[in-house]
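We use all heavy atoms of the structure for the numbers below, so side chains are in, but hydrogens, waters and symmetry mates are not. Each chain gets a letter, A, B and so on, in the order its sequence line appears, and its residues count up from 1.
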There are 2 protein chains.
Amino acid sequence: MFQIDPLSRIPIYEQIAEQTEKLILLGLLLPGDPMPSVRSLSVELGTNPNTIQKAYSELDSRGTICSVPGKGCFISKDAKAVLEKRAKQRLGQLYTLCESLKLAGVTMEEMTDTVRQVFGKGDGNT
Amino acid sequence: MFQIDPLSRIPIYEQIAEQTEKLILLGLLLPGDPMPSVRSLSVELGTNPNTIQKAYSELDSRGTICSVPGKGCFISKDAKAVLEKRAKQRLGQLYTLCESLKLAGVTMEEMTDTVRQVFGKGDGNT
DNA sequence: CAACTGTACTAACCGTAATAGTACAGTTAC
DNA sequence: GTAACTGTACTATTACGGTTAGTACAGTTG
């Protein structure tokens, strides 16, 4: 379910959180779906239960999942809406990155071309 | 010359390196210009000389500055070219970010608009 | 009651950033 | 040559965050 790279500079708990939210956006995890239990996922990934709990508590505080003591953790009802709303705010990151690239001589065309490639409209030759 | 945030998650030595390269791209630091000495900058920024040295050795290995024992550190002759070349490779970062935003429902138009804003062509009303 | 769930807590280990202090070699100007 | 600067190297120490380890407690389910 998750692919963890223990050697990455990105903390394991953050990798889990990111991948969970990606699965939600892809529609592979739907509202109400149960997350693996803290202990079972720790066994599956070969990590410590505390690390999983940290990922889950992070996701819970973001509103992505709902932790229910005694029952489990479940995908939040409005998880997708929450994630899409956050993405709009992340346009600021895009602005900052482009600003930096512009300063280093990358042209507007190179950037817009990159955006188009993401949307499968790379060069217009098709 | 530099504005350091000791509370930032970004290491001090990296902040110095980043800001140095930004000053070069802005044309405020020209090839041959001397960098502040390790000791004087450490006093100015209130940091440890070792931290400055780490920033300088990082910049030296990137080809941004040239460290000359006994004389000082100077902006590399082709510093700007090096930085511009690196920027082209950083288009991959842009691609990854846009990919993530796309997944979260951000439209291509929202992204290209952001790019245009960076180049001062925000809404076409002017 | 038994087996599961999330949660809380302390202790320990490790890597990295940063500080502190010392030392050495090259350059420059007097 | 000496003094004052320059970069460089090295060890030791502190601090913090990520991770592991182990234990414990409360709620849920069958």
Side-chain angles (χ1 to χ4, degrees), chain A residues 1-21 29 31-77 79, chain B residues 1-21 29 31-77 79:
Chain A
M1 186 173 186
F2 297 99
Q3 290 172 349
I4 300 302
D5 176 13
L7 301 180
S8 168
R9 296 177 187 179
I10 301 175
I12 295 176
Y13 76 92
E14 204 173 313
Q15 293 183 44
I16 295 171
E18 279 180 11
Q19 291 185 29
T20 299
E21 295 185 333
L29 281 179
D33 282 356
M35 291 288 288
S37 79
V38 170
R39 289 170 180 81
S40 67
L41 185 56
S42 74
V43 171
E44 184 181 335
L45 298 184
T47 66
N48 190 281
N50 293 335
T51 304
I52 309 297
Q53 189 195 343
K54 189 165 185 178
Y56 281 11
S57 91
E58 175 74 20
L59 287 169
D60 184 271
S61 70
R62 288 188 199 172
T64 309
I65 68 175
C66 293
S67 293
V68 185
K71 299 190 70 175
C73 291
F74 306 89
I75 306 300
S76 178
K77 188 180 175 183
Chain B
M1 188 172 186
F2 297 99
Q3 289 171 351
I4 300 303
D5 176 14
L7 302 179
S8 168
R9 295 177 187 178
I10 302 175
I12 295 176
Y13 76 91
E14 205 173 314
Q15 294 183 44
I16 295 172
E18 280 181 10
Q19 291 185 29
T20 298
E21 294 185 333
L29 282 179
D33 281 357
M35 290 290 286
S37 78
V38 169
R39 289 169 180 81
S40 67
L41 186 55
S42 74
V43 172
E44 183 182 334
L45 299 183
T47 65
N48 191 281
N50 293 336
T51 303
I52 309 297
Q53 189 195 344
K54 188 164 186 179
Y56 281 10
S57 90
E58 175 73 21
L59 287 169
D60 184 272
S61 70
R62 290 188 196 169
T64 309
I65 68 175
C66 294
S67 294
V68 186
K71 300 190 70 175
C73 291
F74 306 89
I75 306 300
S76 177
K77 187 179 176 182

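Following rounding to the nearest Å, B:F74 (CZ) and D:dT6 (P) show an atom-to-atom distance of 11 Å. With rounding to whole Å, A:D5 atom CG is found 16 Å from D:dG18 atom P. Here the C1' atom of nucleotide D:dT20 and the CD1 atom of A:I12 are 10 Å apart, to the nearest Å. What separates CZ of B:R39 from P of D:dC5 is a distance of 10 Å, to the nearest Å. Straight-line distance from the CG atom of A:L7 to the P atom of D:dT19: 12 Å, rounded to whole Å.
Each of B:T51, B:L45, B:I10 was scored for a side chain to side chain contact (heavy atoms under 4.5 Å, CB included) with B:I4, with one residue passing: B:L45.
Looking only at side-chain heavy atoms (C-beta outward), B:L41 and B:M35 stay at 4.5 Å or farther from each other. The shortest distance between side-chain heavy atoms of A:Y56 and A:S61 does not fall below 4.5 Å. B:M1 has its side chain out of reach of B:Q19: every pair of non-hydrogen atoms, C-beta onward, lies at least 4.5 Å apart. The closest side-chain heavy-atom distance from A:F2 to A:T20 is below 4.5 Å.
Listed by residue number, B:N50, B:Q53, B:S67 are the residues of residues 41-67 of chain B with a heavy-atom contact under 4.0 Å to DNA chain D.
For B:Y13 and C:dA18, the shortest distance from a side-chain N or O to OP1 or OP2 is not below 4.0 Å. Contact check, A:K71 against C:dC4: no side-chain N or O comes under 4.0 Å of OP1 or OP2.
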Legend entry - Test log, rule salt bridge (Lys or Arg N to Asp or Glu O under 4.0 Å), inputs A:R62 and A:E58: CA-CA 6 Å; A:R62 288 188 199 172; A:E58 175 74 20; 3.2 Å; yes
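With the nearest nucleotide of DNA chain D identified for both A:P11 and B:M35, B:M35 has the one nearer the 5' end. DNA chain D is contacted by both A:P6 and A:P69; A:P6 maps to the nucleotide lying nearer its 5′ end (nearest heavy atom per residue).
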